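This is a predicted model, so every value here is computed, not measured. Sequence positions, counted from 1, serve as the residue numbers for this chain.
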Amino acid sequence: MSPALSKPESGQLPRKLLLRYLILLRLYPVLTKAVSSAILSALGSLLSQVIEKSQRKRDPSRGLDLKGPLRFAIYGLLFTGPLSHYFYLYLEKLVPSDVPLALVKRLLIDRLIVAPAFLVVFFFVMNALEGKNTSVFVKKMKSSYWAALKMNWKVWTPVQFINLTYVPMQFQVLFGNLVALFWFAYLASVKK
């Protein structure tokens, strides 16, 4: 049998996808991370709807709301991907790896400064993408921000410990995006 007609090896496709991702990451790092963030953010929103639908036994004839995943895709494309890319670069310059207690300092910056601000940005952008006014944003901040921030600290502190300790810098945004798939599912459910 000729190689063109033979059955592809099981590991061949993932290897090719990884190679393609690495090439794109080298050529277009911000765009690659932005698109990855958009896709995974949208999938997180879809996951939230699927979970909610299964838990509430909603009307099965109702389809999925595609506006939510679209908003999350926009957020991932314009905010999560690019901001995360530059955040990790800046964090490396601000607190180089060879500084004493570098990991602790990086985690404190991320958890106590960046995470609270990023969550405000999330609520604000989602509010704007939904076409809601500032009074709705203020109400949402009062009702959901503190609970979401506490959950952020619980979920993302160990994730960021792993990310900053073991994940090579070029993959830190992707690693975060993979975890964010489930985090956005949580945020989408809290947002409601």
Side-chain angles (χ1 to χ4, degrees), residues 33-34 36-59 62-88 90-91 94-95 103-164 172-192:
K33 293 172 186 178
S36 300
S37 294
I39 292 167
L40 291 170
S41 298
L43 287 174
S45 177
L46 281 171
L47 179 62
S48 169
Q49 289 184 49
V50 169
I51 291 169
E52 182 183 358
K53 193 172 186 175
S54 69
Q55 287 176 346
R56 293 191 181 170
K57 307 288 187 235
R58 291 193 325 189
D59 179 9
R62 278 185 67 194
L64 297 174
D65 170 28
L66 296 181
K67 291 179 185 174
L70 179 60
R71 285 189 292 270
F72 273 81
I74 291 168
Y75 181 76
L77 182 72
L78 300 178
F79 294 92
T80 305
L83 291 177
S84 297
H85 169 81
Y86 290 111
F87 166 69
Y88 289 118
Y90 179 71
L91 193 59
L94 183 66
V95 184
L103 178 62
V104 172
K105 292 175 184 177
R106 288 176 177 185
L107 279 172
L108 287 173
I109 290 167
D110 179 62
R111 304 290 66 227
L112 300 177
I113 298 169
V114 176
F118 213 75
L119 202 53
V120 171
V121 170
F122 170 80
F123 280 119
F124 181 79
V125 170
M126 286 298 164
N127 191 72
L129 290 173
E130 291 170 352
K132 296 180 179 172
N133 62 31
T134 54
S135 65
V136 174
F137 167 70
V138 170
K139 184 178 176 185
K140 180 53 74 175
M141 289 295 293
K142 287 180 181 178
S143 68
S144 300
Y145 179 78
W146 181 239
L149 183 60
K150 287 190 294 186
M151 184 58 77
N152 179 297
W153 286 336
K154 289 176 187 175
V155 171
W156 284 98
T157 301
V159 168
Q160 284 298 76
F161 174 82
I162 292 166
N163 202 7
L164 295 171
Q172 287 177 339
V173 175
L174 178 62
F175 178 76
N177 284 334
L178 291 171
V179 175
L181 173 73
F182 301 101
W183 173 245
F184 281 135
Y186 166 77
L187 282 181
S189 65
V190 166
K191 195 178 67 51
K192 296 173 182 153

For Val155 and Phe182: C-alpha separation, side-chain torsions, deciding distance, then whether side-chain contact (heavy atoms from CB on, under 4.5 Å) applies.
CA-CA 10 Å; Val155 171; Phe182 301 101; over 6 Å; no
Closest heavy-atom contact between [X] and [Y]?
X	Y	value
Leu77	Ala34	O-CB, 3.3 Å
Pro69	Ala42	O-CB, 3.4 Å
Gly76	Pro82	O-CD, 3.9 Å
Phe118	Thr80	CZ-CA, 3.9 Å
Pro116	Trp153	CG-CZ2, 4.5 Å
Leu40	Asn177	CD1-CB, 3.4 Å

Listed partners of Gln160 passing side chain to side chain donor-acceptor pair (under 3.5 Å), at least two apart
Tyr88, Asp110, Asn163
[X] [atom1] to [Y] [atom2] distance, which is reported to the nearest 0.5 Å:
X	Y	atom1	atom2	result
Leu66	Leu46	CG	CG	7.0 Å
Leu91	Ser84	CG	OG	11.5 Å
Trp146	Asn152	CH2	CG	11.0 Å
Leu94	Ile109	CG	CD1	4.5 Å
Leu178	Leu174	CG	CG	4.5 Å
Lys140	Met126	NZ	CE	12.0 Å

Please list, chain by chain and in numerical order, all residues satisfying salt bridge (Lys or Arg N to Asp or Glu O under 4.0 Å) with Arg111, sequence neighbours excluded.
none
Check this for me: Lys67, atom NZ, are more than 12 non-hydrogen atoms of other residues, nucleotides or ligands nearer than 6.0 Å?
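Result for NZ/Lys67: open.
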Looking at Phe124 versus Phe137, is the centre-to-centre ring distance below 6.0 Å?
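Centroid distance Phe124-Phe137: below 6.0 Å, so yes.
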Check: Phe79 ring centre within less than 6.0 Å of Phe72 ring centre
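No, the ring centres sit 6.0 Å or more apart.
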Between Leu164 and Gln172, is the side-chain contact (heavy atoms from CB on, under 4.5 Å) condition met? List the steps.
CA-CA 8 Å; Leu164 295 171; Gln172 287 177 339; 4.1 Å; yes
Look at the side chain of Arg106 and the backbone N and O of Val95, then say whether any donor-acceptor pair between them is shorter than 3.5 Å.
yes
Look at the side chain of Asn127 and the backbone N and O of Phe123, then say whether any donor-acceptor pair between them is shorter than 3.5 Å.
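Not at all, since once roles are kept as given, no pair shorter than 3.5 Å links the two residues.
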Who are the ring-ring contact (aromatic ring centres under 6.0 Å, His included) partners of Phe87, not counting sequence neighbours?
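Here no residue qualifies.
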